[in-house]
Asker: 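Below are the structure tokens for one structure; questions will follow.
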Amino acid sequence: MLQIQCGSYDVVEKTVFLLRVLELDSQLEELRLSLREIYPEHSEEEINSVWSQLLQILDPNHVNHDNRDVEIESIWDSSSVVLITYPDAIYRKDESTLKTLAEFVKNRLSGLSSVIHILPFLPSTSDGGFAVSNHEKIDDTFGDWNDLKNLSNTHKIMADLVLNHVSSSHPWVHQFMKSAEPGLSYIVAPNQTDIWEKVIRPRNSSLFTNINTNKGFKNVWSTFGPDQIDVDWSNPHIFLEFLKLLVRYVNNGAEWIRLDAIAFIWKEPYTTCLHLTPVHLIVKLLNKCLKIIKPTAVLITETNVPEQENLSYLVDGNEANLAYNFTLPPLLLESIYTGQTDLLNNWLSNWNELPNCTSLLNFTSSHDGIGLRALEGIMEDNRIHNLLVESEKRGGLVSHRRMSNGQDQPYELNISWWSAMSNSGPDSTRFQFERFLLSQVFTLSLKGVPAFYLPSILASPNDLDSFRKTGQRRDLNREKFEADKLLDLLKNFDSSASKNISYLNHIVKVRARLRSFHPEMSMKCIVTNISNCVILQRGLDEDRVYVVCNMSDRYLNISLLNELELPALSFKKHLIDNITGSYLNTESFKLNPYQVVWISFTD
């Protein structure tokens, strides 16, 4: 123990301060070295200039050094739940939608929203906010920065950093069309278009969009469509531009930062232009900058790609904290449709171990479709085909991406999760509620941080009206709700939305008190011969909980202690389901169709 003589406290405080300053100086030097590594072709003078500007943006002297050492529990714990919502998902006439959302969440969803992912709230021209036309302000319809900051007083806020592209109406694009800076240097416009055959596409639209400039027509890169023009990350000043936005987000209450479509940002001829080395270096640098200004911040990558590629942003331990678990939604959906659990159990049995302070964001539904690329190497083509057919029976559509050979391949399912849970037979509602609850409780059971999508919780069916108006397939799953009509609906306790909210609030409260559901607590899949069942062990020793899921429309008899090869415990322990509070027969108990139980051993 450090012994401090009387009168020497000032000396100790000064010593501690100097050590922290030295630590910070070391971190700032790391930023310069990172810039040097990302941009090796730029001169030392330019790198030093960019580094100087970077430091001015970060203004590290404003960091509270006393709060730099944080425990993992301050980042997330078993109570952490993300609510995904558009800023105008709930609206009321003559009221900014962020205020309307804040009121609704406070009164109805406070237990399901320790973190609120507010989808793009900056001015935009298309793609549900992902074609950003202005980085300076919040769209007037949604409110202003104060509305966001007020919401952050009671919830952690997650915001989108749309790094790959801007709207075709963005000032940078207008400057490019006039051959004016900085836009002229910010937009990707290759002179050659025949050296990009290996590029992996997420869409079936043209890779390039021809736009008219004051020097004639030019091809600009448009990964996601003609209204979303890619920016040139080989220019280090683009990093500075987005760092300014990152700091603006943090200063206004957003400390969970989602890197949208991060995998696509770096372009090199004769490559796939996907997950290139500079992309990972940029994520590392963003992470360093973010943790300097907000040590408890969380960085999330969003990459709808095969699983190992997705995990590549986590395995180093110095890039992202979370990655979207794109494998979960289609794999779980196929299991619910077929009752087969072989692929699901095999996937769970090979769950990837990740470094400390990293995990997966587990979800079933989001503002996008149900991605299919994560199934590559996991599910055979005939089973993927059957999954598409089952989705289409429930009103779903399929979006495609363009392959290098010119052919189109299924990329995602476009369907609301509530409609996906319906029955394909004459009675569409048969087991719909049970399937939906199974899917959400299963998601809550996995290692990682769970996320709910607001329209799913509110039992939103396929939004055919919006789809007919826009022709955009993703609009099937982006219903907006008039606040007062929604509140009237929730007064009916028998409505699907009301039942969903009530049940999930209960489940999340139970989960919050169980240490075994910490996002980084251990998880083991118990292999059994029961074809319709998944059994997981979360946690260790006295804290362990057994998750038992019936993935079928039949009753299942489960002899849990036999499956765990612990028959002797039947004379020593009782089994209790944490969800219902009920004791279960130690020799055998029955699961209802699509039921999930969370079992602990008690004396």
Side-chain angles (χ1 to χ4, degrees), residues 76 79-91 97-98 100-102 104-105 108-122 124 127-130 142 148 151-152 154-162 249 253-261 298-304 320-326 328-329 332 359-371 412-418 420-421 436 439-440 442-444 446 448-460 463 474-481 486 497 500-501 504-505 508 519:
W76 50 46
S79 69
S80 300
V81 180
V82 179
L83 177 69
I84 306 170
T85 176
Y86 274 101
D88 60 344
I90 301 173
Y91 63 92
T97 60
L98 285 175
T100 311
L101 176 66
F104 182 82
V105 169
R108 296 288 180 170
L109 299 176
S110 58
L112 306 179
S113 56
S114 59
V115 180
I116 304 179
H117 176 197
I118 305 175
L119 290 158
F121 44 73
L122 304 176
S124 170
D127 195 24
F130 286 92
F142 309 148
L148 190 70
L151 196 52
S152 74
T154 50
H155 304 266
K156 291 181 179 178
I157 302 298
M158 178 171 161
D160 294 280
L161 209 57
V162 185
Y249 278 172
E255 57 182 274
W256 285 41
I257 306 297
R258 175 183 180 269
L259 305 181
D260 177 68
V298 173
L299 196 65
I300 305 103
T301 51
E302 182 268 339
T303 54
N304 180 8
N321 301 107
L322 284 174
Y324 276 66
N325 191 350
F326 278 102
L328 173 61
L332 178 58
S359 197
L360 290 169
L361 185 71
N362 297 316
F363 68 106
T364 55
S365 180
S366 72
H367 60 290
D368 291 338
I370 300 170
E412 67 179 21
L413 297 174
N414 300 115
I415 187 171
S416 86
W417 191 259
W418 182 253
M421 293 297 97
F436 177 78
S439 70
Q440 304 310 296
F442 185 82
T443 301
L444 286 163
L446 297 180
V449 177
F452 299 127
Y453 182 47
L454 181 59
S456 296
I457 294 176
L458 297 178
S460 172
D463 189 357
R474 286 181 171 179
D475 284 345
L476 282 172
N477 190 32
R478 295 176 173 179
E479 183 178 1
K480 307 293 173 62
F481 304 86
L486 179 58
N500 287 349
I501 291 173
L504 291 176
N505 267 316
V508 169

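Computed from a predicted structure; not experimentally measured. Scope of the values below: all heavy atoms of this structure, side chains included, with no hydrogens, waters or symmetry mates.
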Asker: Taking side chain as C-beta onward, heavy atoms only, is Ile300 less than 4.5 Å from Leu259?
Answerer: no

Asker: Find the distance between CE (Met158) and OG1 (Thr85) and round it off to the nearest 0.5 Å.
Answerer: 12.5 Å

Asker: Are Thr364 and Gln440 linked by a side-chain donor-acceptor pair shorter than 3.5 Å?
Answerer: yes

Asker: I'd like to check Leu151 versus Ile118 (side-chain heavy atoms, cut-off strictly below 4.5 Å). Are they in contact?
Answerer: yes

Asker: Evaluate Ile84 against Leu119 for side chain to side chain contact (heavy atoms under 4.5 Å, CB included), listing each step before the verdict.
Answerer: CA-CA 7 Å; Ile84 306 170; Leu119 290 158; 4.0 Å; yes

Asker: Is the ring centre of Tyr86 less than 6.0 Å from the ring centre of Tyr91?
Answerer: no

Asker: Hey, are the side chains of Ser460 and Phe481 touching, using non-hydrogen atoms and a 4.5 Å cut-off?
Answerer: yes

Asker: Please examine the side chains of Trp76 and Leu322, heavy atoms only from C-beta on, and report whether any two atoms are closer than 4.5 Å.
Answerer: yes

Asker: Quick one: are Val105 and Leu83 in side-chain contact, heavy atoms under 4.5 Å?
Answerer: yes

Asker: What are the two closest non-hydrogen atoms of Thr443 and Pro450, and how far apart are they?
Answerer: O-CB, 4.2 Å

Asker: How close do Leu112 and Ile457 get, counting heavy atoms only, and between which atoms?
Answerer: CD1-CD1, 4.2 Å

Asker: Output all residues satisfying side chain to side chain contact (heavy atoms under 4.5 Å, CB included) with Ala459, sequence neighbours left out; order by chain, then residue number.
Answerer: Trp418, Ser496, Asn500

Asker: Can you tell me how far apart OG (Ser439) and CG (Leu332) are? Round to the nearest 0.5 Å.
Answerer: 6.0 Å

Asker: Just how far is it from atom CZ of Phe121 to atom OG1 of Thr97, taken to the nearest 0.5 Å?
Answerer: 11.5 Å

Asker: Go through it in stages, so that I can follow the logic: the residues are Ser366 and Phe363, the test is side chain to side chain contact (heavy atoms under 4.5 Å, CB included), and I'd like the CA-CA distance, side-chain angles, deciding distance and then a yes or no.
Answerer: CA-CA 7 Å; Ser366 72; Phe363 68 106; 4.1 Å; yes

Asker: Output all residues satisfying side-chain hydrogen bond (donor to acceptor under 3.5 Å, both in side chains) with Tyr324, sequence neighbours left out; order by chain, then residue number.
Answerer: Arg258

Asker: Report the residues that fulfil side-chain hydrogen bond (donor to acceptor under 3.5 Å, both in side chains) with Tyr453, sequence neighbours left out, ordered by chain and then residue number.
Answerer: none

Asker: Are the side chains of Leu458 and Ile501 in contact, using a 4.5 Å heavy-atom criterion?
Answerer: yes

Asker: Sequence neighbours excluded, which residues qualify as side-chain hydrogen bond (donor to acceptor under 3.5 Å, both in side chains) partners of Ser365?
Answerer: Ser456, Asn477

Asker: Restricting to side chain to side chain contact (heavy atoms under 4.5 Å, CB included), what partner residues turn up for Ser79, sequence neighbours left out?
Answerer: Asp77, Ala512

Asker: Please give me the minimum heavy-atom distance between Ser110 and Ser113, naming the atom from each residue.
Answerer: O-OG, 3.5 Å

Asker: Salt-bridge test for Arg478 and Asp368: reply yes if a basic N is under 4.0 Å from a carboxylate O, no otherwise.
Answerer: yes

Asker: Can you find a pair of side-chain heavy atoms, one from Phe142 and one from Leu148, that are under 4.5 Å apart?
Answerer: no

Asker: Go through Thr100 and Asp88 one step at a time and tell me if the side chain to side chain contact (heavy atoms under 4.5 Å, CB included) criterion holds.
Answerer: CA-CA 8 Å; Thr100 311; Asp88 60 344; over 6 Å; no

Asker: Do Val81 and Phe452 have side-chain heavy atoms sitting under 4.5 Å apart?
Answerer: yes

Asker: So Leu361 and Asn325, side chain to side chain contact (heavy atoms under 4.5 Å, CB included) or not? Walk me through it.
Answerer: CA-CA 6 Å; Leu361 185 71; Asn325 191 350; 6.0 Å; no

Asker: Of all the heavy-atom pairs spanning Leu476 and Ser416, show the shortest one and how long it is.
Answerer: O-CB, 4.2 Å

Asker: Closest heavy-atom contact between Pro329 and Ile370?
Answerer: CB-CG2, 3.9 Å

Asker: Taking ring pair (Phe, Tyr, Trp, His ring centres under 6.0 Å) as the test, write out the residues that go with His155, two or more places apart.
Answerer: none

Asker: What distance separates Leu486 CG from Glu479 CD, expressed to the nearest 0.5 Å?
Answerer: 9.0 Å

Asker: Please identify each residue that fulfils side chain to side chain contact (heavy atoms under 4.5 Å, CB included) with Asn304, with sequence neighbours left out.
Answerer: Phe326, Arg373, Tyr411

Asker: With sequence neighbours left out, what residues match Asn414 under side-chain hydrogen bond (donor to acceptor under 3.5 Å, both in side chains)?
Answerer: Ser399, Glu412

Asker: Can you list everything that forms a side chain to side chain contact (heavy atoms under 4.5 Å, CB included) with Ser152? Sequence neighbours excluded, please.
Answerer: Lys149, Ile157

Asker: Please report the closest heavy-atom contact between Pro87 and Pro120, naming both atoms and the distance.
Answerer: CG-O, 3.6 Å

Asker: Return the set of residues passing salt bridge (Lys or Arg N to Asp or Glu O under 4.0 Å) with Asp127 (not counting sequence neighbours), or none when no residue passes.
Answerer: none

Asker: To the nearest 0.5 Å, tell me how far Asp160 CG sits from Ile257 CD1.
Answerer: 9.0 Å

